[in-house]
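In what follows, a structure is listed as structure tokens, so that the remarks can point back to it.
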Number of protein chains: 2
Amino acid sequence: MRRMTARPANAHQARLLRLLRDGGPNSRAQLGDQVDLSRSKLAVEVDRLLETELVVADGLAASRGGRRSHNIRLNPHLRFLGVDIGATSVDVAVTNAELEILGHINQPMDVREGPVAVFEQVLAMAAKLRATGLAEGFDGAGIGVPGPVRFPEGVPVAPPIMPGWDGFPVREALSQELGCPVMVDNDVNLMALGEQHAGVARTVADFLCVKIGTGIGCGIVVGGEVYRGTTGSAGDIGHIQAVPDGRPCACGNRGCLEAHFSGAALARDATEAAEQQLSPELAARLEANGTLSAVDVAAAAAAGDATALDLIREGGNRTGQVIAGLVSFFNPGLVVIGGGVTGLGHTLLAAIRTQVYRGSLPLATGNLPIVLGELGPTAGVIGAARLISDHLFSPA
Amino acid sequence: MRRMTARPANAHQARLLRLLRDGGPNSRAQLGDQVDLSRSKLAVEVDRLLETELVVADGLAASRGGRRSHNIRLNPHLRFLGVDIGATSVDVAVTNAELEILGHINQPMDVREGPVAVFEQVLAMAAKLRATGLAEGFDGAGIGVPGPVRFPEGVPVAPPIMPGWDGFPVREALSQELGCPVMVDNDVNLMALGEQHAGVARTVADFLCVKIGTGIGCGIVVGGEVYRGTTGSAGDIGHIQAVPDGRPCACGNRGCLEAHFSGAALARDATEAAEQQLSPELAARLEANGTLSAVDVAAAAAAGDATALDLIREGGNRTGQVIAGLVSFFNPGLVVIGGGVTGLGHTLLAAIRTQVYRGSLPLATGNLPIVLGELGPTAGVIGAARLISDHLFSPA
DNA sequence: CCTACTTTTTCCACTCTCAGGACAAAGAGG
DNA sequence: CCTCTTTGTCCTGAGAGTGGAAAAAGTAGG
């Protein structure tokens with residue numbers, strides 16, 4: 001199928017496309033209520049969008065008491081690809097223009113195998129999704145990588161956990177392979193975008209999105225826009241010192257948050273506890289699987305294992321202390337906790353909340369919700385689709 | 001004299017006014033080079049500004065090889081009032097429309113005396129400046145207070161060190177008294193605005209401005225705009241925990257940065273050291289004055305007093321550790337250190353730099369200048385004038 | 001002093017955008 | 001069948017804005 005190559009010609013058209021993306025099909029009249037344009041002007045712009053086939057007419061809208069109106073919707077053949085590369089697995093999803101997930105695959109993988117091997121796998125996964133008939137091609141793709149990105153160019157810079165990716169032209173390469181526009185960002189920023197678009201952060205302008213997975217990162221949203229910092233490393237909170245003279249960290253310092261609590265640190269602590277026979281529950285799981293991960297700790301905690309609960313609580317306390325500092329500094333309207341360890345659930349959340357509410361001033365915490373992300377593993381891919389759609393649905 | 005009540009009628013005019021504010025007198029042609037408007041359109045807008053007397057013609061511009069052009073400048077009779085209320089003193093200054101300081105007074109004062117007493121003093125100071133003939137009235141005033149502010153309304157909210165100010169309608173009251181528009185903000189934000197307008201941060205979009213005075217606060221600038229947070233308390237870093245189980249703080253917690261290093265903490269530490277005869281230099285100064293302040297510590301350090309140097313270094317280390325965390329999180333392009341304790345100078349700066357460069361990742365610190373503010377005590381008042389001028393020089 | 005060339009300003013005709021009124025089309029409700 | 005409401009279309013006029021031409025006011029060199 002011929003792909004859509006058209007782009008909105010002006011800010012009005014971009015505005016309309018975003019309204020249709022976020023609000024689904026709308027009649028011309030409903031659109032008019034939202035955009036502050038004259039009916040004539042609106043009709044002209046909608047007609048132009050129809051001409052470029054970015055939007056299509058689609059049946060009759062519900063009556064509002066008078067003449068019924070035809071619905072306008074984004075072209076149902078538009079397809080976005082959302083890719084979320086984690087440290088140990090990849091998520092690939094296909095969405096329509098309204099960013100609804102039509103198909104989603106998750107596969108284990110190791111980023112350290114380098115960009116070439118990873119891309120091969122990602123492209124295979126995309127092909128697989130395409131083969132199911134969900135898409136005949138992609139109109140745009142968003143991709144998240146677990147490390148800092150020079151955003152305008154779409155190139156990872158000095159990513160600690162992704163050796164071999166430094167300077168690799170991710171955007172360029174993927175755009176070449178897929179034959180469509182591509183945007184690249186940090187995976188944490190995409191999670192924030194995802195939760196903003198379809199999750200718990202829909203109505204908040206300024207919020208933090210803390211992702212605790214293999215490492216720890218934080219998406220920062222200021223005035224509804226992701227803030228990336230001067231060199232693209234904003235939100236890199238994994239190496240903030242959480243424990244003075246604490247454990248040595250891969251970065252060369254001691255006491256980094258990430259060294260004390262993260263998917264990797266938790267797995268190591270759990271294994272240690274199991275080997276020292278401190279926890280029968282964990283020991284049994286180690287016996288059974290050969291290794292332990294955050295999932296095992298979560299299961300053990302759910303079974304009431306005291307050691308597992310302690311590990312989670314202590315980690316939550318550490319994380320909460322760091323977040324308390326960030327809350328004082330940033331004064332967000334919401335804090336979202338997400339990532340692989342959300343399986344630890346309420347125990348973790350309670351520990352974090354306790355520390356934040358205790359460690360920050362009342363004015364900052366007074367009306368501050370601290371909640372788990374609502375989208376789980378789909379936050380990243382939805383955010384990726386949102387990223388590219390924001391790019392495509394903006395004036396050329 | 002009749003005050004200017006006109007406001008720019010559209011975004012073009014606002015743009016021109018800001019160019020004239022920041023770049024001084026310019027010819028029409030020079031303005032044309034900067035604004036991307038046709039000559040005709042530009043002429044129309046300039047004429048309208050001349051009509052409203054917001055700008056005036058002012059002599060001939062330097063020749064660029066052909067016909068000489070008349071300069072356009074902001075009305076030289078425009079006057080802004082900048083007020084910077086600190087915990088223990090007030091600064092009041094008068095500026096012209098280009099935000100150059102024409103007169104500046106500083107007086108000791110205690111905010112805890114409450115808004116009524118403080119305003120009386122501020123108005124007296126403003127009257128004194130006016131009496132010198134610098135101004136016949138004010139076209140706008142900016143005012144900074146040492147605590148969080150609900151910015152849109154210009155009302156302090158729950159300010160810890162300003163009992164009696166909570167909810168006091170500062171903006172409304174001052175506007176009434178002065179008969180001109182007023183904007184209110186946190187003093188730290190104004191310092192950041194000042195350094196951005198006329199100081200070290202002129203070319204940086206994202207930076208932090210750490211003010212160490214009686215307390216510690218931090219101005220946050222994102223994309224050239226001050227970020228104030230959800231409730232106006234962003235940048236309140238004085239109560240971030242710097243020392244686990246450290247000293248008790250007025251806020252009820254232990255180990256807050258402010259409890260370990262700030263003008264107040266430093267004075268107390270110095271007094272203690274003097275009383276315990278650890279430092280002859282400080283003891284002599286205590287003997288002479290009855291009390292010690294950050295200035296005494298600075299003088300003792302300059303004289304080579306080891307105890308004073310240690311106090312500064314330790315404080316700098318604490319502060320540096322906190323800033324290191326903020327740098328990891330925020331990834332600024334510049335960190336400015338300002339406030340009363342800048343007299344501690346290079347010793348303090350060196351300690352802070354050491355901690356930040358050690359404690360943050362290379363990607364964030366690689367090209368990160370950490371410098372002292374360049375404007376000293378005028379940063380606040382310049383920022384205040386900038387705040388109100390930004391407000392007035394925007395489309396109505 | 002005069003001439004050739006620049007730069008700057010002013011004037012003007014023309015295009016384009018856009019708002020809002022008038023009107024037609026289509027349905028709801030009685 | 002009639003009236004009212006909502007929706008879509010057409011049209012005209014106001015205003016914004018562009019860019020060319022010419023006038024104004026200078027510089028530089030002979």
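In what follows, chains are A, B, ... by sequence order, proteins preceding strands, each numbered from 1.
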Say you draw a straight line from CG of Asn71(A) to CZ of Arg73(A); how long is it, rounded to the nearest 0.5 Å?
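The CG atom of Asn71(A) sits 8.5 Å away from the CZ atom of Arg73(A).
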
What residues form a salt bridge (Lys or Arg N to Asp or Glu O under 4.0 Å) with [X], not counting sequence neighbours?
| X | value |
| --- | --- |
| Arg7(A) | none |
| Arg15(A) | none |
| Glu153(B) | Arg150(B) |

With sequence neighbours left out, the residues meeting side chain to side chain contact (heavy atoms under 4.5 Å, CB included) with Pro169(B) are Glu172(B)

Asn71(B) CG to dT8(C) P, straight-line distance once rounded to whole Å:
12 Å

Let's see if you get this right: which residues in residues 22-32 of chain B place a heavy atom under 4.0 Å from DNA chain C?
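Heavy-atom contacts with DNA chain C come from Arg28(B), Ala29(B).
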
Residues passing the ring-ring contact (aromatic ring centres under 6.0 Å, His included) test with Tyr227(B), sequence neighbours excluded, are Phe330(A)

Suppose we screen for ring-ring contact (aromatic ring centres under 6.0 Å, His included). Which residues come up paired with Phe151(A), at least two apart in sequence or across chains?
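ring-ring contact (aromatic ring centres under 6.0 Å, His included) list for Phe151(A), sorted by chain: empty.
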
If you compare every side-chain N and O of His70(B) against the phosphate oxygens of dT9(C) (OP1, OP2), does one of them come in below 4.0 Å?
no

Can you run down the salt bridge (charged side-chain N to carboxylate O under 4.0 Å, His left out) pairs that involve residues 378-393 of chain A, sequence neighbours left out, and say none if there aren't any?
Arg18(A)-Asp390(A), Arg21(A)-Asp390(A), Arg386(A)-Asp390(A)

Close N or O pairs between protein and nucleotides 19-24 of chain C (under 3.5 Å):
| residue | atom | partner | partner atom | Å |
| --- | --- | --- | --- | --- |
| dA19(C) | OP2 | Ser38(A) | N | 3.1 |
| dA19(C) | OP2 | Ser38(A) | OG | 2.7 |
| dG20(C) | N7 | Ser40(A) | OG | 3.3 |
| dG20(C) | O6 | Ser40(A) | OG | 2.4 |
| dA22(C) | N6 | Arg39(A) | NH2 | 3.1 |

Can you tell which of dG27(C), dC18(C), dT7(D) lies closest to the side chain of Arg68(A)?
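Nearest nucleotide to the side chain: dG27(C).
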
